[in-house]
Amino acid sequence: MGQNGYRVAVVGATGNVGREMMNILEERKFPASEVHAIASRRSVGTEVSYGDKTLKCKDLETFDFSKVDLCLMSAGSSVSKDWSPRIGKMGAVVIDNSSQWRYDHDVPLVVPEVNPNAVSGYAKKMIIANPNCSTIQLVVALKPLHDKAKIKRVVVATYQSVSGAGKEGMDELFDQTKSKYVPGVEYAAKKFPKQIAFNVIPHIDVFMEDGFTKEEWKMVAETKKILDPKIKLTATCVRVPVFVGHSEAVNIEFENPISADEAREILRESPGVMVYDKREAGGYITPVECVGEYATYVSRIREDSTVENGLSMWVVSDNLRKGAALNAVQIAESLINRNLLKKAA
Ligand SMILES: NC(=O)c1ccc[n+]([C@@H]2O[C@H](COP(=O)([O-])OP(=O)(O)OC[C@H]3O[C@@H](n4cnc5c(N)ncnc54)[C@H](OP(=O)(O)O)[C@@H]3O)[C@@H](O)[C@H]2O)c1
């Protein structure tokens, strides 16, 4: 860690997202002079890796946040509700991964490839929100197409991995899968509402009054806030028995004409996007291939002749990386590039 860098706290360091944050800070050589791993009291002393170093977790309740410049927060909404404003008031900029602050008018919601300048609105609460994993990969792929042909309406179905439900979600898929092969061992559904092994579940987060789920609502509200409030979007969010990597089948209706070839060319030149689109067996990206990668992959780009100016495509990304930890670190880098992150005196 450099002498003259930023003092960083990672809250939720033992979790799926927190561990990826440690990896990404190290991989991208984030200019940190100190990195603190923070979790609940249960994890005090638990070791987490930061490059070739091992850090011992500290307790959120007793850690002195006045001694850090940046806090990457990833410990769930109830922790964020209490702690993100408190940490902000102590002077650190908080980049918050939960859904708690995303819809607050005084909190920017940022995907650096899409609305990087929004970071400058952080100062009212000292919080910047990281969007939902499904929204991030979607808007990275939509933005360049919207710039070209103006999106009117999007219909999306998601295929979301169990790691999006935290480490308990991954354990549940692992245990249920194992129990199918070990006679006499049964694992009931706990984290998910029905069996997830060898199954798919059309239900993520709580139900809303109109019959949509909160996860589906988040994709609508967040796309409007980040990209364009005029875009109409409807989503069906589905949990699938994949450990890491979210996939999305996306249908888009544009105001102006755009061909599949044009869309492919535009996306090839777009930041954060990798196009892999061969019209043959295996000529597309699946979630197992995106694990550990930074990019949002776009495949199966084709014209939809059932609507005027319609396109369909398949979008895949690592939900723990671009969908969470990478996006958060990129937001911090955007702050640094704009001289908005102060260093210790
Ligand atoms: N997974 C994704 O794809 C994804 C994407 C975007 C956003 N997010 C959001 O990121 C957050 C974390 O998700 P995750 O998948 O990393 O969950 P996770 O694997 O379940 O990890 C949760 C982390 O929060 C810590 N924590 C929980 N309660 C705490 C408390 N009272 N005080 C201090 N630390 C506490 C845990 O520490 P202990 O080990 O000590 O319990 C652990 O480090 C959630 O808000 C989630 O919605 C997740």
Side-chain angles (χ1 to χ4, degrees), residues 9-24 36-49 55-63 65 71-84 86-87 94-102 109-111 127-139 158-174 190-192 204-206 214-215 218-219 222 237 239-240 242-248 287 290-292 296 316-331:
V10 176
V11 177
T14 54
N16 276 346
V17 174
R19 285 177 192 270
E20 269 316 334
M21 280 174 169
M22 293 291 187
N23 292 337
I24 286 172
H36 301 273
I38 301 180
S40 74
R41 189 161 300 161
R42 334 176 250 284
S43 300
V44 170
T46 300
E47 293 185 339
V48 295
S49 301
L55 306 180
K56 284 205 161 71
C57 282
K58 296 168 191 160
D59 180 5
L60 171 70
E61 299 280 343
T62 54
F63 184 75
F65 284 95
C71 175
L72 301 175
M73 190 76 177
S74 188
S77 289
S78 59
V79 174
S80 287
K81 187 176 180 195
D82 282 355
W83 281 91
S84 294
R86 276 163 78 175
I87 296 168
V94 180
I95 300 177
D96 192 292
N97 261 276
S98 77
S99 57
Q100 181 61 39
W101 299 101
R102 290 180 192 153
L109 182 66
V110 179
V111 177
I127 302 172
I128 299 177
N130 210 29
N132 187 255
C133 34
S134 314
T135 310
I136 294 177
Q137 66 183 63
L138 180 68
V139 295
T158 69
Y159 304 73
Q160 296 180 223
S161 67
V162 293
S163 58
K167 51 193 176 185
E168 288 173 12
M170 298 181 82
D171 290 346
E172 188 152 316
L173 174 59
F174 185 78
K190 278 191 300 206
K191 183 78 186 170
F192 299 113
I204 301 178
D205 209 332
V206 295
K214 186 86 184 281
E215 187 80 355
K218 285 177 205 163
M219 290 190 81
E222 294 178 20
C237 292
R239 188 74 70 193
V240 297
V242 167
F243 281 105
V244 178
H246 287 359
S247 309
E248 297 175 344
C290 76
V291 177
T296 293
V316 177
S317 195
D318 183 328
N319 54 297
L320 300 178
R321 292 201 147 214
K322 186 56 190 166
L326 171 63
N327 199 70
V329 173
Q330 286 175 313
I331 291 173

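Read the numbers this way: they start at 1 and go in the same order the structure lists the ligands and their atoms.
- By the salt bridge (charged side-chain N to carboxylate O under 4.0 Å, His left out) test, Asp171 is found to be paired with no residue, residues two or more places apart in sequence or in another chain being considered.
- In summary, the side chains of Thr158 and Gln160 do present a donor paired with an acceptor at a separation below 3.5 Å, with no hydrogens or angles considered.
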Pairs of donor and acceptor atoms involving the side chains of residues 13-24, under 3.5 Å and at least two apart or interchain, shall be tabulated with distances.
residue: Asn16; atom: ND2; partner: Ser163; partner atom: O; Å: 3.3
residue: Asn16; atom: ND2; partner: Gly166; partner atom: O; Å: 3.2
residue: Arg19; atom: NE; partner: Thr14; partner atom: O; Å: 3.1
residue: Glu20; atom: OE1; partner: Asn23; partner atom: ND2; Å: 3.4
residue: Glu20; atom: OE1; partner: Arg321; partner atom: NE; Å: 3.1
residue: Glu20; atom: OE1; partner: Arg321; partner atom: NH2; Å: 3.1

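- Between Glu172 and Phe192, the shortest heavy-atom contact is OE2-N, 3.2 Å.
- Residues satisfying the side-chain hydrogen bond (donor to acceptor under 3.5 Å, both in side chains) criterion with Glu222, sequence neighbours excluded, are Arg102, Tyr103, Thr135.
- Here the shortest heavy-atom pairing between Trp101 and Ser84 reads NE1-CB, 3.8 Å.
- The protein residues lying under 4.0 angstrom from ligand 1, judged by non-hydrogen atoms, are Gly12, Ala13, Thr14, Gly15, Asn16, Val17, Ala39, Ser40, Arg42, Ser43, Leu60, Ser74, Ala75, Gly76, Val79, Asn97, Ser98, Cys133, Ser163, Gly164, Gly166, Lys167, Asn319, Leu320, Gly323, Ala324.
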